[in-house]
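Data first, discussion second: the structure below is written as structure tokens.
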Amino acid sequence: MVRFEGVGLRYRAIGRAGRSPEVLHDISFTLPDGVFRWLLGPSGAGKTSLLRLMYLAVAPTRGNLTVLGTDVSAAPRRSLPRLRRRIGVVFQDFRLLPHLSAFDNVALPLRISGRPEGQVRADVTEMLRWVGLGKRIDAYPTQLSGGEQQRVAIARAVITRPSLLVADEPTGNLDDAQAERLMQLLHEMSRLGTTVVVATHNDRLVARHPAPAILLEHGRLTGHH
Amino acid sequence: MFGAAVSVPMTAVSLRPTGFDELGLRRALSDRLLPFLVAAMAFLAALALAGWIGAASLAREWQAGSGSALTVQVPRPSDPAQTAEGRPDPAAGKRVDRTLALLAGTPGIASARRLSDAQLSDLLRPWLGAGAGRLDLPLPAVIAVRLSDPDADLDSLGRRIGVEVPGVLVESHGTWVGRLTALARSLQACAGLALLLVVGVAAAVVAVATRSGLSARREAIEIVHGLGATDGYIAARFAARATLLATVGGAAGAVLALPVLIMLAGLAAPFAGGAVPADQGTMAFLAALPTTIWVSLLALPAGAAAIGFLTAQGTVRRWLRRMP
């Protein structure tokens, strides 16, 4: 379960006097386990900031935030890594590690969790085959196309079977067939209990896969239906 | 393939393959500069350690020498001793025997031993040559006195002997030994200070290298942190790299310092009561290095490793605290 209660977010001003403006104001909504939600809104509405709160990259400036049943505002800092391991994230800019092969990038979350190397090898190979990169497991990100990098990023996000999956424009570099395949994967994960939140500008994709949406505008929640 | 979307069991032990460089530290903490700087620090540390050990052993020897802190010279030793009124006192024996008897009866004196004629001419040889005995000089008897109580009142002892055996000279070495010991102790303190400084500079060098590695790998750290890596996990990666580089540097510094230390040990050997035979090759020189120096040379890589590990751990953990 993910719950926002009157959450506000203000980034710390760096090298400037005074307080930076609040990018999110009074956000309140609840996502039960296993739901699929679009996150929609114009550029600059605060979608990425909302996702950053969900995957614990920032802490709310005010209000209460509960992620997967843990009150993040009150939880001690050392308890957060374990919580993060249950959250998969697909970044808009992929954020792959350039000095690691596709295999090692996808294996990274499993190794951080301390899984046995035999299981890592089997899972990662199967996952890369599934996203159509079975022949490119030793390629480095710079040797991969944008779409291939995005698929590596998706594989890394779902390899741990997370309880919460957060994706920021996950289909931006995929062709229609690949995007369709990804949507099927996300729906399947949500059916199996993962809470899935996908931010996108792709109206056609949303139209093809109707689902409840969180609507943001100017840092405010304008709808949740 | 997504059999269970619920919480996944997590083991505490990391089974990550060795050499898995997820943060790219092989380049961010490069082997170009850090080992050389640490080697230079280790070299200086070796010299400081040798200075410390050398000064300490000199101080120890001089202090042990100050156990015989007193020489008593008795002119005309074979003349009969006198009574308090200045008349010869045949019952008291010779002047030297009387002096020895007085010394033996004084508390705080461990032993009083008359130097033999041979020992006396040894003492005089630098000034009078080997034939001093043939010159038939009126030499005093010299009594070497070892004190058991270093604070014994030597002035009153000198006065008391002077009354019974006029002309006796009581000479204390304590002042000189004290000055030399103070000098050695100061040298030792300087060496210790230099060692502390070297340790501090080495820690600073590792900290600077670690911080530059942190800035260079900021994005990778954020990604790994976002994937659920603990501070300990990230700090361990940096610490492993810094420890390796510092150990290599420390070992190199120790090896570089070895010939210098052997040379210094050769120069210092005459003062430490032994001479290094010059014709027995390197092995004799190696054997001439005190064990403590060998131990501290071996300790240098270990010390460098400890500095590398602790500094990297501390620096990374402090830096990570800014992350949520």
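In what follows, chains carry the letters A, B, and so on, assigned in the order in which the sequence lines appear, proteins first and then strands, with residues in each chain numbered from 1. Only heavy atoms go into these numbers, but all of them, side chains included; no hydrogens, no water, no symmetry mates. Given the structure is predicted, the values throughout are model-derived calculations rather than measurements.
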| In Å and rounded to the nearest 0.5 Å, what is the CG to CE distance from A:Leu56 to B:Met323? | 13.5 Å
| note | When the 4.5 angstrom heavy-atom criterion is applied to A:Val58 and chain B, the contacting part is backbone
| request: Heavy atoms only: give me the nearest A:Arg156-B:Ile223 pair and the separation to one decimal. | output: NH1-CG2, 3.6 Å
| Between atom CD1 of A:Ile112 and atom CD1 of B:Ile234, what is the distance when rounded to the nearest 0.5 Å? | 7.5 Å
| query | So with a 6.0 Å cut-off around CZ of A:Phe103, is the heavy-atom count from everything else above 12? | reply | yes
| field | Min side-chain heavy-atom separation A:Arg77-B:Leu320 under 4.5 Å | value | yes
| said: Counting only heavy atoms not in B:Arg32 (residues, nucleotides, ligands), do more than 12 fall under 6.0 Å from its CZ? | reply: no
| said: Is A:Arg78 in contact with chain B via its backbone, its side chain, both, or neither, using a 4.5 Å heavy-atom distance? | reply: neither
| said: Looking at A:Arg62, I'd like to know if its CZ atom is crowded, meaning that more than 12 non-hydrogen atoms belonging to other residues, nucleotides or ligands lie closer than 6.0 Å. | reply: yes
| Less than 4.5 Å apart, any side-chain heavy atom of B:Val224 and any of A:Leu97? | yes
| Heavy-atom side-chain proximity of A:Leu100 to B:Glu22 below 4.5 angstrom | yes
| Taking B:Thr230 as the fixed residue, which of A:Arg84, A:Arg85, A:Arg82 is the one that meets the side chain to side chain contact (heavy atoms under 4.5 Å, CB included) rule? | A:Arg85
| said: Can you pull out every side chain to side chain donor-acceptor pair (under 3.5 Å) where at least one residue sits in residues 305-320 of chain B? Sequence neighbours excluded, please. | reply: B:Gln313-B:Arg317
| said: Just checking A:Arg208: does its CZ atom have more than 12 heavy atoms from other residues, nucleotides or ligands closer to it than 6.0 angstrom? | reply: yes
| remark: Of B:Ala229, B:Pro324, B:Gly232, the largest count of non-hydrogen pairs under 4.5 angstrom with chain A goes to B:Pro324
| note | Filtered by a 4.5 Å non-hydrogen cutoff, the part of residues 244-254 of chain B contacting chain A is none
| task | Kindly check if the number of other-residue, nucleotide or ligand heavy atoms within 6.0 Å of CZ (A:Phe29) is above 12? | result | yes
